[in-house]
2 protein chains.
Amino acid sequence: MNTFTEENYIKAIYQLSERNAASISTNALAEQMNTRAASVTDMLKKLALKKLINYQPYQGFNLTSKGRKLALHVLRKHRLWELFLVDTLNFSWDEVHDIAEQLEHINSPKLVDRLDAFLDFPEADPHGDPIPDENLVFRTKRAQRLCDMKILQPLRISGVMDHSPLFLKFMAQHQLQLGEVILIEDVNGYDASMRIKTSSDRIVFISATAAQNILTRPHHGSK
Amino acid sequence: MNTFTEENYIKAIYQLSERNAASISTNALAEQMNTRAASVTDMLKKLALKKLINYQPYQGFNLTSKGRKLALHVLRKHRLWELFLVDTLNFSWDEVHDIAEQLEHINSPKLVDRLDAFLDFPEADPHGDPIPDENLVFRTKRAQRLCDMKILQPLRISGVMDHSPLFLKFMAQHQLQLGEVILIEDVNGYDASMRIKTSSDRIVFISATAAQNILTRPHHGSK
DNA sequence: TATTAAATTTAGACAAGTCTAAAATAGTAT
DNA sequence: ATACTATTTTAGACTTGTCTAAATTTAATA
């Protein structure tokens, strides 16, 4: 069994590797974990002993397949709990992270699977991040920023990057809700603002800044 | 903030005081916590420093009102989670204790209240143990042992004293479920075993030992 | 290539929670 | 009242995860 701290380190290593394809530095991990480089080194030795990472002093480190599995398992729990908090207990997007940070360490395979079933085997959490299935496989890819999508392609709004009340209010004002299907009709050459058409044929103009914070997935649904 | 260990000690002290009106011994607490008396003494000093217990070396100890509040808060969380696991995620009685033992330490007042509301402000957990409300007040009393009840009086099974998987399995095997209405038809003069009739007129024989561990309330319902 | 700067690791220390073994206290029996 | 026994506490040590300060390695620059 692993301690909470070990699980948090493994999760942080996984997330840093995802974000930054290159190898992770001890310092970067220290900053992520809100601790000092010396502490990180101590922990790296411990994780290496447990075969969760490959580690050679001064030569960097990365997750073993065992470590990757653990990271995905913790991620799965975190995102399932986030979805539970939002969907079932009516929390808002910006409140759930810290609570899920605790719940992700609850150790009960059966609980995770029951929660998964209760939520109807969801593919993504409320922020649009994909949830690994019981075999730790992603059945969907991370949503992409609206600003990176092609025009004239049906897209489903699946999350936001910015969770601030201000931005969420902006979304509500423009009636852009989670699950809404939209289409980029045109991108302005001058300021990269966008003309969007909603499924109800409403036209909305969105700044490039806003488009960077809206997460979408290609929509292959009916109509 | 308190560590998981501190919370577990406080909860154990509370439960031992409930069970055994007399003062608790260091040894009893050590056994309950699955540790040694010396470790208990160390922790007692720490808890006393935090004003969670009154403690004089060699003179015994008991909860302060602050400690009692903490115990009730943890108990509230434990029982709400147990009910959630049984009612919402379809766990059985005997599976939930260990999971709730972990979940009870999740720290988020808002989460507890939302869970409480989601479960519709329940007064008792799946074992019939009362759940303190948001002010840490019990709105219902613990039920009484079956062995202390009169014969030929309708009784509702509202809980158990023994939460061991073994006993809960025994209950399931005899189809004695929470909420079931029963009647003591006869008490055997020799070994105090009981002949019970269920609401569906099924007859079940129960040992005195079992009857001591089944909690009931008089039932004044229809029919 | 030699030197310097940055990153990383080691050494030694600390707090939490535990342990064993030994000492102190309380209670009981003679 | 004294000796014995059971209980409880203290003393000293170990582990985990952290820290600071010093040493080491790598990389970069002159």
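Below, chain A is the first sequence line, B the second, and so on; all start at residue 1. Given the structure is predicted, the values throughout are model-derived calculations rather than measurements.
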Please determine if a side-chain N or O atom of [X] lies less than 4.0 Å away from the OP1 or OP2 oxygen of [N].
| X | N | result |
| --- | --- | --- |
| A/Thr41 | C/dT9 | yes |
| B/Tyr9 | C/dT18 | yes |
| B/Tyr55 | D/dT8 | no |
| B/Thr35 | C/dC19 | yes |
| A/Thr26 | C/dT9 | yes |
| A/Tyr58 | C/dT10 | no |
| A/Arg36 | D/dT20 | yes |

**Request:** Please figure out whether A/Asn34 or B/Gln56 has its closest DNA chain D nucleotide nearer the 5' end.
**Result:** B/Gln56
**Item:** Expected output: side-chain B/Lys51 to main-chain B/Gly67 donor-acceptor under 3.5 Å
**Value:** no
Under 4.0 Å, counting only non-hydrogen atoms across every strand here, what does [X] touch: a base, just sugar-phosphate, or nothing?
| X | value |
| --- | --- |
| B/Ser39 | base |
| B/Phe61 | nothing |
| A/Asp42 | base |
| A/Phe4 | nothing |

**Message:** Which nucleotide wins on minimum distance to the side chain of A/Gln59, given the candidates C/dT18, D/dT9, D/dT26?
**Reply:** D/dT26
**Message:** Can you tell me which nucleotide in D/dT18, C/dT18, D/dT10 comes closest to the side chain of A/Thr5?
**Reply:** D/dT18
**Prompt:** Quick one: B/Asn27 CG to D/dT5 C1', roughly how many Å, whole number?
**Reply:** 13 Å
**Prompt:** What is the distance, rounded to the nearest whole Å, between atom CD of A/Glu31 and atom C1' of C/dA7?
**Reply:** 14 Å
**Asked** Can you tell me if A/Asp162 and A/Ser164 form a side-chain donor-acceptor pair at under 3.5 Å?
**Response** yes
**Prompt:** Just wondering, more than 12 heavy atoms not from B/Gln32 lying within 6.0 Å of its CD?
**Reply:** yes
